[in-house]
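Letters A, B, ... are given to chains in the order of the sequence lines, protein chains preceding strands, and every chain is numbered from 1. Basis for what follows: all heavy atoms, side chains included, without hydrogens, waters or symmetry-related copies.
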Amino acid sequence: MASTPEPNPQSATPVIVDGWHTASIPSSDPSGQSGESRLLEGLNPQQREAVLYRGQALLIVAGAGSGKTSVLTRRIASLLENREAWPSQILAITFTNKAAAEMRERVGALVGRVAEGMWISTFHSACVRILRREAENFGFTKNFTIYDSSDSRVLIKRIIKEQGADVLGFTPANVSAKISKLKNELADVDSYARNANMEDPNEAAFVQIFRAYTRALTAANAFDFDDLIGQTVYLFRAFPHVAATYQNRFKHVLVDEYQDTNHAQYSLIRELTRPPALDDNALITTSPGASLTVVGDSDQSIYAFRGADIRNIVEFERDFPGAKVILLEQNYRSTQNILTAANSVIANNFDRKDKKLWTAVGDGEKIVGYTGYSGHDEAQFVADEIEKLHREGMPYSSIAVFYRTNAQTRALEEIFIRSALPYRIMGGTKFYERAEIKDAMGYLVSVANPQDTLALRRILNTPKRGIGPATETQLFRFAEDNNLTFREAMREAAALGLGPKVTNAILSLSALLDEGAALVAEGKVADVLSTLVTKSGLIESLRRSHDPQDEARAENIEELIAVAREFERNNPDGELVDFLTEVSLVAAADDLDDSSGTVSLMTLHTAKGLEYDAVFLTGIEEDLLPHRMSASEPGGPAEERRLFYVGITRAKKRLFLSLAMTRAQYGETAVAMPSRYLQEIPGELIEWRQSPGMANSRGGTQPRALNANRTKWNGTDLATKPLTEKRDWPNRITNQVRDNGSLELAAGDRIRHSDFGEGRVQTVTGEGAKRIAHVQFESAGFKKLLIKIAPIEKL
DNA sequence: ATCGCTCGGGTTTTT
DNA sequence: CCCGAGCGAT
């Protein structure tokens, strides 16, 4: 059914009408024709169709790099320009906040400021927005807290301990994984308990834990990540009039990365696109429900572990009868060599619709392969090649290094620092996950949501104020016995008969939180935060500490205050809860800044949706890719292959595949085998600088860094060594903190480097701790070294 | 209540 | 290897 081009008159608020005048539509052309041809400019026939098709359901199968973002943004622009929808009637769901920001910007570039009225956000952000507005319908308040996975785990840990379930083998990790999985399937305690075999003591115990966890969340006025989606679905189903508000509002729902939606997200989309019910009998409807556009590629589904259900996209046509399907196969990103490699790899996944990416840009350069002796050797190769690319004119910001596990960053980082290579790690140990940041946030959360016992207990004795576990338990009991919240119990601390010192500590913390709450009314988030971390002594205690790391922690808190100020600037009307939401929902890829001028390091998962001129895929080894943990899981190896595919297809011009013969893990060194996926790439596409075979045999060419060390283990063939023996690698990075701060180097000096051997300094650049020596080594070639920490000595 | 020591276990990926 | 839990000393 084709939708009729009629803007809903009720939605025409003056603000939006104003917006229309600023849009770049020729006012003499109400049909929008000339605007339309502009929107279709440069698109291929399939892309055009995807922009123009009108109907209830559209699936755009978009291969990697096929220009889906262009299609999506132009489709939205076309809806707006033809006045088929007001901005407020459009809901676009993206995978990350960064993607949302980019889409908003690109739609804005096409149609002007009207774009601001649209909802373009992630599933989680959209649900928070709805929940904040509607929370009061079902026992929450609008200032609820969002628990991240570590918050959930702390809570679950406490519950397991209280119930003595640890002896049954329950751990916070496995319980929270199981609960998350259930919530992604929209199960709750009751529905789970109905089907559970309660004879089984393990099952019964789990149900108890799940129930206690659910109660604790409700009591704390908190949602965990999975609840954000699940509870929104529940809200819509339980309160049809609430659902109707949104069903009436959104006429067009667009979902990106549809292959990675889980059942809860799928259900949310179903609810949103359902025709609104006029009454509770749901018999009479006023409109056909929102039209749905989904974009995805089942070959890029990499989140099954998080409940993503590939069937959502595979069975789209069955779910939405009459749905239109459009395939985008032409790739505008990569060279043909890269695409052929990607196609060959993914073809090994059976049970998929065949899809072949092609490009008109030509073969391009060959893929480069390298096998290092160790993870550090591999990292050195990556660093050297990046330097080479950079000297040839490629900016650091268009280069990225991907890896399967976060643990792999360590070796890369050490080498990059030594090589004075500017880099940024996306995700990993995230800023907001640092203990001191969580502590500081704990104060803010305690002020925003006084019901949040978890936050209160976190800050109760941080910094140390003499309130130990015994006192904490007493307070907790007192609250339970008198039917008070933990926060209220703190105010009544005098009634507990504790020592004067402890009582005083509790009361003054309580008073500080009240002071913070009073400040919130003035709307200055950063001031509230700054007051709390100062008057609580949190910052002071870190500054006074003897631990040298604590100084950095104090600076991190200062940084958080700066983030809050930045938030105030960007959101003049932003409230405390908005700041808390923003902090809770940042994704690994969100803080990506293309203008940073640095190389980006990230996991393969984080890399999805991004593109770079040059891409390094590291650790292409068995047990890493495919990861050991995935090998036994059904569908595991196929998903790992898709992950490899995603990595390959991020590259525009150059692709480097590297692996190591041995890899350090947990301090042990283990032998690594080349990944099975490597063989799936046609051999002629890869130019091996040092192949797995060469690295094993003696006397093969030994390029770069290895020459320098070779003498030290000359004659010991790696293959003859017992595999399990622990050995010191000559180019292993020692953990000791080196400080060459006082070393003076000048052009012409000769130096010796522990890995690269002897060389001559050509120039020295930079100042103080950042002085960099540019050195020509006799056998290892040219290198840049950070003088302060490089393992070098002057000769 | 707090500090410092030892021991054991552990991350595959993330909103 | 690195972190947290658990324990004994202050």
Side-chain angles (χ1 to χ4, degrees), chain A residues 93-100 121-128 146-150 152-154 157 161 166 171-173 176-177 180 183-184 223-230 257 260-262 264-265 301-308 402-411 426-430 432-433 435 461 463-472 498-499 501-502 505 545-547 581 584-590 602-608 619 623-633 636 639-640 642-644 646-647 664-669 726 732-735:
Chain A
I93 306 278
T94 58
F95 202 68
T96 62
N97 295 304
K98 177 174 185 270
S121 65
T122 63
F123 271 106
H124 294 268
S125 306
C127 286
V128 169
I146 300 164
Y147 281 2
D148 68 19
S149 352
S150 78
S152 303
R153 217 163 311 145
V154 169
K157 187 176 186 178
K161 206 159 190 186
D166 38 353
T171 65
S176 67
S180 173
K183 288 187 174 183
N184 286 331
F223 295 107
D224 66 21
F225 273 146
D226 303 309
D227 282 340
L228 295 177
I229 316 286
E257 308 283 10
D260 283 323
T261 51
N262 60 36
Q265 292 165 332
S301 164
I302 54 173
Y303 281 103
F305 72 91
R306 195 168 88 184
F402 303 153
Y403 35 82
R404 177 64 235 269
T405 68
N406 282 307
Q408 289 168 254
T409 52
R410 212 159 283 158
M426 318 306 309
T429 33
K430 276 166 269 169
Y432 294 109
E433 283 170 12
N461 200 30
K464 300 270 183 291
R465 41 171 82 89
I467 309 174
T471 311
E472 186 184 327
L498 299 158
K501 247 178 84 185
V502 193
S545 154
H546 296 299
D547 184 340
T581 303
S584 303
L585 298 182
V586 284
D590 285 345
M602 69 191 85
T603 64
L604 284 163
H605 284 88
T606 303
K608 191 175 69 156
D623 287 352
L624 216 44
L625 189 76
H627 195 275
R628 180 182 311 164
M629 293 290 127
S630 72
S632 51
E633 288 166 23
E639 175 144 324
E640 298 283 306
R642 290 194 290 272
L643 205 44
F644 189 36
V646 165
Q665 51 178 5
Y666 303 143
E668 301 267 297
T669 302
K726 223 176 153 179
R732 178 187 52 128
I733 306 291
T734 51
N735 211 20

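- For a distance-only test at 3.5 Å, the side chain of A:Ser584 fails to qualify as a donor-acceptor partner of the base of B:dT15.
- Both A:Ser125 and A:Arg410 sit near DNA chain B, but only A:Arg410 has its closest nucleotide nearer the 5' end.
- To the nearest angstrom, P of C:dG4 lies 13 Å from CD of A:Glu433.
- Here the nucleotide nearest the side chain of A:Phe305, chosen from B:dT13, B:dT15, C:dG6, is B:dT13.
- Look at CD1 on A:Ile146: it is 19 Å from P on B:dT14, rounded to the nearest Å.
- The phosphate of B:dT15 has neither OP1 nor OP2 within less than 4.0 Å of any side-chain N or O from A:Asn184.
- Rounded to an integer number of Å, the gap from A:Glu257 CD to B:dT15 P is 13 Å.
- Interface remark: the A:His124 side chain does form a donor-acceptor pair with the B:dT15 base, using a distance-only criterion of under 3.5 Å.
- The separation between A:Leu604 atom CG and B:dT11 atom P is 20 Å, rounded to whole Å.
- Looking only at distances, a side-chain donor or acceptor of A:Asp260 sits under 3.5 Å from a matching main-chain atom of A:Ile302.
- B:dT13 atom C1' lies 15 Å from atom CZ of A:Phe225, rounded to whole Å.
- Every residue meeting the salt bridge (Lys or Arg N to Asp or Glu O under 4.0 Å) condition with A:Arg628, not counting sequence neighbours, appears here in chain and number order: A:Asp623.
- The closest donor-acceptor contact from the side chain of A:Glu640 to the backbone of A:Ser630 lies at 3.5 Å or more, if one exists at all.
- For A:Arg404 against B:dT12, a side-chain-to-base donor-acceptor contact under 3.5 Å is present.
- Side chain of A:Asn262 to backbone of A:Gln265: a donor-acceptor contact under 3.5 angstrom is found.
- In this pair, A:His605 and A:Phe305 present their aromatic rings perpendicular. The plane angle is above 60°, beyond the 30 to 60° band.
- Within the 3.5 Å criterion, the main-chain N or O of A:Leu604 finds no donor-acceptor partner in the side chain of A:Tyr403.
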Between the protein and nucleotides 1-5 of chain B, which nitrogen or oxygen pairs are less than 3.5 angstrom apart?
residue: B:dA1; atom: OP1; partner: A:Gly468; partner atom: N; Å: 3.0
residue: B:dA1; atom: OP1; partner: A:Thr471; partner atom: OG1; Å: 3.1
residue: B:dT2; atom: OP1; partner: A:Gly466; partner atom: N; Å: 3.0
residue: B:dT2; atom: OP2; partner: A:Asn461; partner atom: ND2; Å: 3.0

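- The distance from atom CG of A:Leu624 to atom P of B:dT11 is 16 Å, rounded to the nearest whole Å.
- The listed nucleotides are C:dC2, B:dT13, B:dT12; the one nearest the side chain of A:His627 is B:dT12.
- Residue-level contact check: A:Tyr303 touches the backbone only, with heavy atoms under 4.0 Å from sugar-phosphate atoms and none from bases.
- In this entry the distance linking CZ of A:Arg628 with C1' of B:dT13 reads 16 Å, nearest Å.
- In this structure, the nucleotide among C:dG6, B:dT15, B:dT12 sitting nearest to the side chain of A:Met629 is B:dT12.
- The main-chain N or O of A:Arg306 is found under 3.5 Å from a side-chain atom of A:Asn184 such that the two form a donor-acceptor pair.
- For the OP1/OP2 pair of B:dT14 and a distance below 4.0 Å, the side-chain nitrogens and oxygens of A:Thr606 include at least one atom meeting the criterion.
- At B:dT14, none of the side-chain N or O atoms of A:Ser149 fall inside 4.0 Å of OP1 or OP2 (strictly under the cut-off).
- With sequence neighbours excluded, the residues satisfying side-chain contact (heavy atoms from CB on, under 4.5 Å) with A:Ser176 are A:Arg153, A:Ile156.
- If you check every strand for non-hydrogen atoms under 4.0 Å, A:Ser630 touches nothing.
- Atom CG in A:Asp224 sits about 18 Å away from atom P in B:dT14, given to the nearest Å.
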